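Below: the structure, in structure tokens.
Quantities reported herein were computed from a predicted structural model and do not represent experimental measurements. Order of the sequence lines sets the chain letters (A, B, ...), proteins ahead of strands, with each chain counted from 1.
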Amino acid sequence: MIKKLLTYLAIPVIFIWLLITSFKASRWKPDNANELLSDFSWLNDWPKWLDIPLMKWINDWFKFFNEEYGIYFEIVNNFLLGAILSLKKFLVFLPWPLVIALVVAIVFFSSGRKVGTTVFVGICTFFIGFLHPKFWDKAIETTSIMLIGILICVFFGIPLGIIMSRSRKVRNAILPVLDLMQTIPSFCYLIPGIMLFGLGAVPAIIATVIYAIPPLVRLTDLGIRLVDIEVIEAAEAFGASRRQKLLGVQLPLALPNIMQGINQCTMMALAMVVIASMIGTRGLGDEVLLGLQQLNVGKATEAGLAIVLLAIVLDRITQAYGEKIQDRNRPLDKFNEKAKMKKAAKKQVTKESTKDGMEAEVKTN
Amino acid sequence: MSKIEIKNIYKIFGNYPDQILPMVKEGANKELVMEETGHTVGLDNVSISIKEGEIFVCMGLSGSGKSTLIRHINRLIDPTAGQVTVDGVDVLSLDDKEILDFRKKTMSMVFQRFGLFPHKTIIENVAYGLEIQKVPEDQRKEIAQGQIDSVGLQGFEHQYPAQLSGGMQQRVGLARALATDPQILLMDEAFSALDPLIRSDMQKQLIELQSKLKKTIVFITHDLDESLKLGDHIGILNGGRLVQVGRPEDIIMNPADDYVKAFVKDVNRTKVLRAQTIMTKKDQFDATNINPSTIYKIDENTMIEEIIPKVLKERCTMNVVDKSGNTKGYITSDELSEALTKH
Ligand SMILES: Nc1ncnc2c1ncn2[C@@H]1O[C@H](COP(=O)(O)OP(=O)(O)OP(=O)(O)O)[C@@H](O)[C@H]1O
Ligand SMILES: [Mg+2]
């Protein structure tokens with residue numbers, strides 16, 4: 001009760017304090033505050049002195065921040081830049097057929113050996129370079145920035161989601177921040193990013209993380225909370241500790257949702273990397289921008305297509321893995337079973353025929 | 001001494017249970033508390049004592065607090081007030097680590113919707129309790145395999161739960177609970193989701209298991225026939241209050257209030273009542289003018305459904321005897337008609 005009363009009291013106090021400080025800081029305030037009570041003309045138009053100096057506060061704070069902690073940003077900057085450059089150099093150094101083969105292999109195994117998906121992704125990857133030879137290295141540059149961004153998202157996003165799922169208080173505190181990150185226009189943090197880190201890939205990564213982490217955090221939290229309460233109770237009834245419960249039951253069962261989160265994270269990261277070309281990040285977005293500036297529609301479309309292809313490839317890879325996990329939790333449907341039986345029957349036939357063939361050979365010998 | 005002792009448990013769900021407790025203790029019922037304070041009374045002054053080796057059935061309608069009660073025994077739920085003792089240990093005094101140990105060693109639980117781990121194979125599911133106890137892999141596989149065999153699921157070890165039928169899944173649930181060899185088995189509506197045939201099959205299997213293993217079982221159901229079939233003692237809950245505890249016959253013959261009466265109204269008494277319950281004691285029975293050739297001996301524990309046809313057909317008298325053959329009392333058509341009349 002007392003707590004509630006205090007919060008109700010605090011709000012008007014803060015508001016009045018804001019009014020007074022704003023008034024004092026204003027350059028246009030009347031010489032004497034008493035004038036306001038005798039002359040009411042300030043009620044017509046919004047008076048110039050009724051203006052909270054938020055702009056000045058933020059600028060001052062930002063400047064102070066930059067001067068005091070610049071060294072830390074430098075360290076982060078160098079670290080991230082190093083990571084991106086070495087990843088990019090490595091991928092560019094590999095012959096392109098090898099990179100395509102790698103992508104194909106990853107898809108093949110992560111999708112549970114689905115041939116259709118694999119072939120489709122292989123063709124898409126090939127077409128990125130096929131559209132324009134210059135695009136290959138650019139796509140790799142874009143991918144490197146994204147990969148680092150996604151790694152950071154996963155590193156911070158999943159633990160954050162886990163913490164959120166465990167406490168309602170934490171969730172209530174974090175949710176508005178996530179809302180803010182998703183609604184605030186991306187230029188609002190791209191520009192300060194430049195001021196802190198300079199032009200190039202690093203502010204792009206920071207922007208990517210801010211833009212792409214919310215869906216991952218939300219889906220991790222949701223995934224864990226959606227796990228059947230009876231299954232959790234079963235684990236508890238057997239004496240599982242919090243850690244055993246989390247690693248053995250909650251995370252594996254939330255995995256399809258978490259994979260969906262990583263998928264969303266990937267798609268949003270790609271979108272942001274393209275936007276970030278406007279602050280000088282090199283990559284495929286760069287080509288789109290160039291095409292538009294030269295009013296070269298063909299060029300812009302080609303680059304746009306390459307981005308779509310890259311999106312498809314990344315989407316398929318992350319999606320396929322999630323689907324594979326989900327398949328296991330679903331009852332076998334009749335079609336599936338029939339297909340399996342057919343396959344088994346075929347195998348047997350081929351086995352028998354080869355046996356026959358071998359026997360025939362033996363006989364002829 | 002009893003194995004599980006529950007004393008004056010209160011459980012109130014809501015934001016300020018402690019503030020509501022005095023009101024509940026003064027006798028406000030569930031509806032009143034809900035209306036005035038928005039809190040739900042889960043349990044209201046429940047005391048039960050459960051003996052070692054018996055099946056205690058807890059019965060009541062939906063929302064009467066059965067699940068809440070059983071979760072107090074392994075402390076998945078903490079009471080608002082009261083005491084729970086298992087094997088002489090005060091469960092509520094255990095700290096976070098001790099409670100995990102206590103759950104591992106003393107009891108396991110079977111759930112209404114099975115509560116199997118969908119991402120683990122059948123054998124991994126059954127071995128879960130042992131995995132938590134850090135039993136080495138090959139040893140726990142061996143124990144789990146034994147349990148799978150004993151519930152008749154050999155051949156399904158490497159399937160996932162979603163690939164099994166409901167009855168099979170619940171047998172996995174049972175095997176999983178038995179794999180840790182607990183002294184106490186908590187079964188929360190374990191058979192309620194199964195169809196009638198499989199259900200009676202599972203009941204039979206449980207009775208068989210129990211005759212071999214002699215566990216202490218707390219079984220929850222909202223089905224009277226099931227509780228009469230399985231229970232050594234039955235407790236009936238209504239709105240969080242325990243309205244009657246007793247042996248099946250007591251409940252049938254002397255229902256404590258209208259709620260219990262409504263429950264037992266349609267029960268098939270011949271399957272529940274035993275000869276010793278309805279007989280007239282030998283010192284109150286005048287056997288002198290009965291033709292000795294129409295007297296048959298029966299065991300005191302015989303269900304009366306087995307006696308009825310013979311008595312009706314031959315108009316004979318049943319001589320109820322105990323294990324060593326001593327006469328305890330007599331049953332004629334009069335006793336039968338009295339026992340089968342609904343009051
Ligand atoms: N976590 C909870 N929060 C609030 N109220 C609860 C909670 N759990 C149970 N209740 C309330 O406590 C009462 C008893 O619930 P309980 O689950 O024990 O009933 P039940 O007898 O097991 O019913 P059913 O046969 O439907 O399983 C109900 O009124 C329910 O609404
Ligand atoms: Mg229940």
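Taking CG of Asp188(B) as the reference point, atom CD of Glu233(A) lies at 8.0 Å (rounded to 0.5 Å). To the nearest 0.5 Å, atoms OG (Ser241(A)) and CD1 (Ile99(B)) are separated by 14.0 Å.
By the 6.0 Å contact criterion, CZ on Phe108(A) is enclosed, its count of non-hydrogen atoms from other residues, nucleotides or ligands being greater than 12. Within a 6.0 Å radius of CG in Asp95(B), other residues, nucleotides and ligands contribute more than 12 heavy atoms. Surrounding CG of Leu197(B) are at most 12 heavy atoms belonging to other residues, nucleotides or ligands under 6.0 Å away. Shown here is Phe13(B), whose CZ atom has more than 12 heavy atoms of other residues, nucleotides or ligands within 6.0 Å.
Remark: Tyr211(A) pairs with no residue by the ring-ring contact (aromatic ring centres under 6.0 Å, His included) rule, at least two apart or across chains.
Residue contact with chain A, scored on non-hydrogen atoms closer than 4.5 Å, is absent for Gln133(B).
Near-neighbour residues of residues 65-80 of chain B relative to chain A, defined by a heavy atom under 4.5 Å from a heavy atom of that chain, comprise Arg71(B), Asn74(B), Leu76(B).
Minimum heavy-atom separation, Gln244(A) to Ile132(B): NE2-O, 3.6 Å. Nearest heavy-atom pair across Ala234(A) and Gly115(B) is CB-O, 3.4 Å. In terms of heavy-atom proximity, Leu116(B) sits nearest to Val231(A) at O-CG2, 3.4 Å. Heavy atoms only, all atoms of each residue included: Arg103(B) and Ala237(A) are closest at CB-O, 3.7 Å.
His119(B) is not listed as a side-chain neighbour of Leu255(A), based on a closest heavy-atom distance of 4.5 Å or more. The shortest side-chain heavy-atom distance between Phe238(A) and Glu131(B) does not fall under the 4.5 Å cut-off.
Within the structure, the side chain to side chain donor-acceptor pair (under 3.5 Å) test picks out the following pairs touching residues 136-145 of chain B (sequence neighbours left out): Glu137(B)-Lys141(B), Gln145(B)-Asp149(B), Gln145(B)-Glu157(B). The ring pair (Phe, Tyr, Trp, His ring centres under 6.0 Å) pairs that include a residue from residues 92-118 of chain B are Phe117(B)-Tyr128(B), where partners are two or more places apart or lie in different chains.
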